[in-house]
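Everything on this sheet refers to the single structure shown next.
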Amino acid sequence: MASNKSKGSDERAGAEIVYGSEVCRRHSMELLQELGFPKGVLPLKDLEECGRVRETGFIWMKQKGPSEHFFEKTNTRVSYAAEVTAFIDKFRMKKMTGVKSKQLLLWVPIAEMSIDGPESRKIHFKTPVGIGKSFPVTAFMTDEEKQEYLQEANESICRKSFSVGIGKSFPVTAFMTDEEKQEYLQEAN
């Protein structure tokens with residue numbers, strides 16, 4: 001048991017550590033943004049401590065206790081232990097601990113999550129044995145991120161146009177309701 005304790009201490013040597021709910025929440029959001037992940041992908045509650053070892057990429061986030069979150073867009077329930085750990089790289093968290101996804105009747109550990117790059121529309125999750133699932137990145141965005149993303153996508157689509165028989169061009173979305181535009185944009189993802 002003592003060897004596990006010293007291994008954990010070794011992983012955390014030289015760490016930058018922050019304490020307190022608001023500071024930890026801000027720190028975790030900044031970290032996700034820096035890595036290229038949507039801010040809603042790790043909806044941890046009541047954070048008490050967050051740490052990062054820049055040299056190794058080791059991070060941890062401690063909550064007051066375990067929590068669960070249901071992602072409506074993916075129809076997935078996820079459980080977060082009191083402590084979540086990972087090793088990080090740009091667009092990737094690997095060797096994750098403390099995160100499980102409910103699949104049918106079983107809780108399956110999530111060992112890795114990644115995005116292919118800044119323009120990627122999918123986020124990939126893998127189990128320790130390498131079995132994975134991918135979802136639209138928008139399913140994990142905060143409302144603010146989603147609004148910004150949809151606005152950028154809408155502007156991009158509006159630059160594309162179609163022409164009517166009289167030689168006049170209009171944006172594809174010019175004659176759509178807001179609801180139709182959102183549906184169109186989600187299908188484009």
Side-chain angles (χ1 to χ4, degrees), residues 1-115 123-129 131-133 135-149:
M1 180 95 166
S3 64
N4 284 345
K5 185 92 169 152
S6 82
K7 181 182 177 189
S9 298
D10 289 344
E11 285 178 334
R12 296 165 198 241
E16 302 164 8
I17 305 172
V18 295
Y19 300 95
S21 182
E22 187 56 35
V23 175
C24 286
R25 188 190 68 73
R26 189 171 45 249
H27 176 78
S28 65
M29 293 295 116
E30 289 169 357
L31 176 66
L32 289 170
Q33 189 172 10
E34 177 186 328
L35 297 175
F37 288 104
K39 292 177 184 175
V41 77
L42 284 176
L44 302 176
K45 298 177 179 156
D46 299 323
L47 287 169
E48 297 182 313
E49 178 183 315
C50 291
R52 178 180 188 177
V53 182
R54 288 192 186 270
E55 292 175 5
T56 63
F58 180 72
I59 62 159
W60 71 91
M61 294 175 236
K62 287 185 182 178
Q63 308 179 90
K64 285 184 181 175
S67 65
E68 286 186 15
H69 183 80
F70 183 73
F71 291 97
E72 290 181 29
K73 299 286 184 185
T74 64
N75 196 30
T76 307
R77 181 164 300 285
V78 179
S79 166
Y80 302 96
E83 182 175 66
V84 173
T85 68
F87 286 88
I88 59 171
D89 289 315
K90 186 75 173 168
F91 307 118
R92 187 172 178 209
M93 285 188 168
K94 59 189 177 183
K95 297 182 183 177
M96 295 175 71
T97 66
V99 181
K100 294 180 181 178
S101 172
K102 192 160 193 178
Q103 303 297 316
L104 299 176
L105 300 174
L106 301 173
W107 285 100
V108 179
I110 302 299
E112 183 176 314
M113 69 178 182
S114 63
I115 294 177
I123 185 167
H124 314 284
F125 298 90
K126 288 184 184 175
T127 67
V129 293
I131 297 170
K133 246 184 177 180
F135 297 102
V137 72
T138 54
F140 303 96
M141 289 181 174
T142 63
D143 289 340
E144 181 182 308
E145 284 178 305
K146 203 176 296 181
Q147 189 67 29
E148 187 177 311
Y149 178 84

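Predicted model, so just to flag it, every value in this text is computed and none were measured. What you see below is based on every heavy atom in this structure, not just the backbone, and it leaves out hydrogens, waters and symmetry mates.
- For NZ of Lys90, the number of neighbouring non-hydrogen atoms (other residues, nucleotides, ligands) closer than 6.0 Å is greater than 12.
- Between Pro38 and Ile115, the closest side-chain pair of non-hydrogen atoms falls below 4.5 Å.
- Remark: of the listed residues Glu11, Glu83, Glu49, Glu49 is the sole one forming a side chain to side chain donor-acceptor pair (under 3.5 Å) with Trp60.
- When all heavy atoms of Val53 and Ala13 are compared, the pair lying nearest together is CG1-O, 3.6 Å.
- Within the model, atoms OG of Ser21 and CG of Leu44 stand 11.0 Å from one another, a figure rounded to the nearest 0.5 Å.
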Item to complete: Would you sort out whether Lys73 and Phe135 count as a side-chain contact (heavy atoms from CB on, under 4.5 Å), showing the intermediate values?
Response: CA-CA 9 Å; Lys73 299 286 184 185; Phe135 297 102; over 6 Å; no
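- Remark: the backbone N or O of Ala139 is not paired with any side-chain donor or acceptor of Lys146 at under 3.5 angstrom.
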Worksheet item: Between Phe140 and Phe37, is a side-chain contact (heavy atoms from CB on, under 4.5 Å) present by the stated rule, with each step listed?
Response: CA-CA 9 Å; Phe140 303 96; Phe37 288 104; over 6 Å; no
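- Looking at heavy atoms from C-beta onward, Val41 lies in side-chain contact with Phe125 at the 4.5 angstrom threshold.
- In this structure the side chain of Ser67 never reaches within 4.5 angstrom of the side chain of His69, judged on heavy atoms.
- Closest non-hydrogen pair, Lys100 versus Pro109, comes out as CG-CA, 3.9 Å.
- Taking CZ of Phe70 as the start and NZ of Lys102 as the end, the distance is 11.0 Å to the nearest 0.5 Å.
- The two atoms that bring Val99 and Met96 nearest to each other are CG2-CE, 3.9 Å, heavy atoms only.
- When side chains are defined from C-beta on, Leu47 counts as touching Ser28, because their heavy atoms get closer than 4.5 Å.
- Counting heavy-atom neighbours within 6.0 Å of Glu72 CD, excluding the residue itself, gives a total of 12 or less.
- Defined by atom type and a distance below 3.5 Å, a donor-acceptor pair is present between the side-chain atoms of Ser101 and Gln103.
- Side chain of Gln63 to backbone of Ala81: a donor-acceptor contact under 3.5 angstrom is found.
- Two residues are said to be in side-chain contact when any heavy atoms from C-beta on lie closer than 4.5 Å; His27 and Ile17 fail this criterion.
- In terms of heavy atoms, Tyr80 sits closest to Leu42 at CE2-CD2, 3.7 Å.
- Taking NZ from Lys126 and OG from Ser114, the interatomic distance works out to 6.0 Å, rounded to the nearest 0.5 Å.
- The shortest distance between side-chain heavy atoms of Thr76 and Lys133 does not fall below 4.5 Å.
- At least one side-chain heavy atom of Ile88 sits less than 4.5 Å from a side-chain heavy atom of Leu31.
- Put simply, the side chain of Met29 reaches to within 4.5 Å of the side chain of Arg25, judged on heavy atoms.
- Around the CD atom of Glu68, the shell of radius 6.0 Å holds more than 12 heavy atoms that belong to other residues, nucleotides or ligands.
- By the 6.0 Å contact criterion, NZ on Lys39 is enclosed, its count of non-hydrogen atoms from other residues, nucleotides or ligands being greater than 12.
- Between Phe58 and Phe87, the ring planes are tilted. Angles from 30° to 60° get that label.
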Item to complete: Check the pair Leu35, Met113 against side-chain contact (heavy atoms from CB on, under 4.5 Å), reporting the backbone distance first and the verdict last.
Response: CA-CA 11 Å; Leu35 297 175; Met113 69 178 182; over 6 Å; no
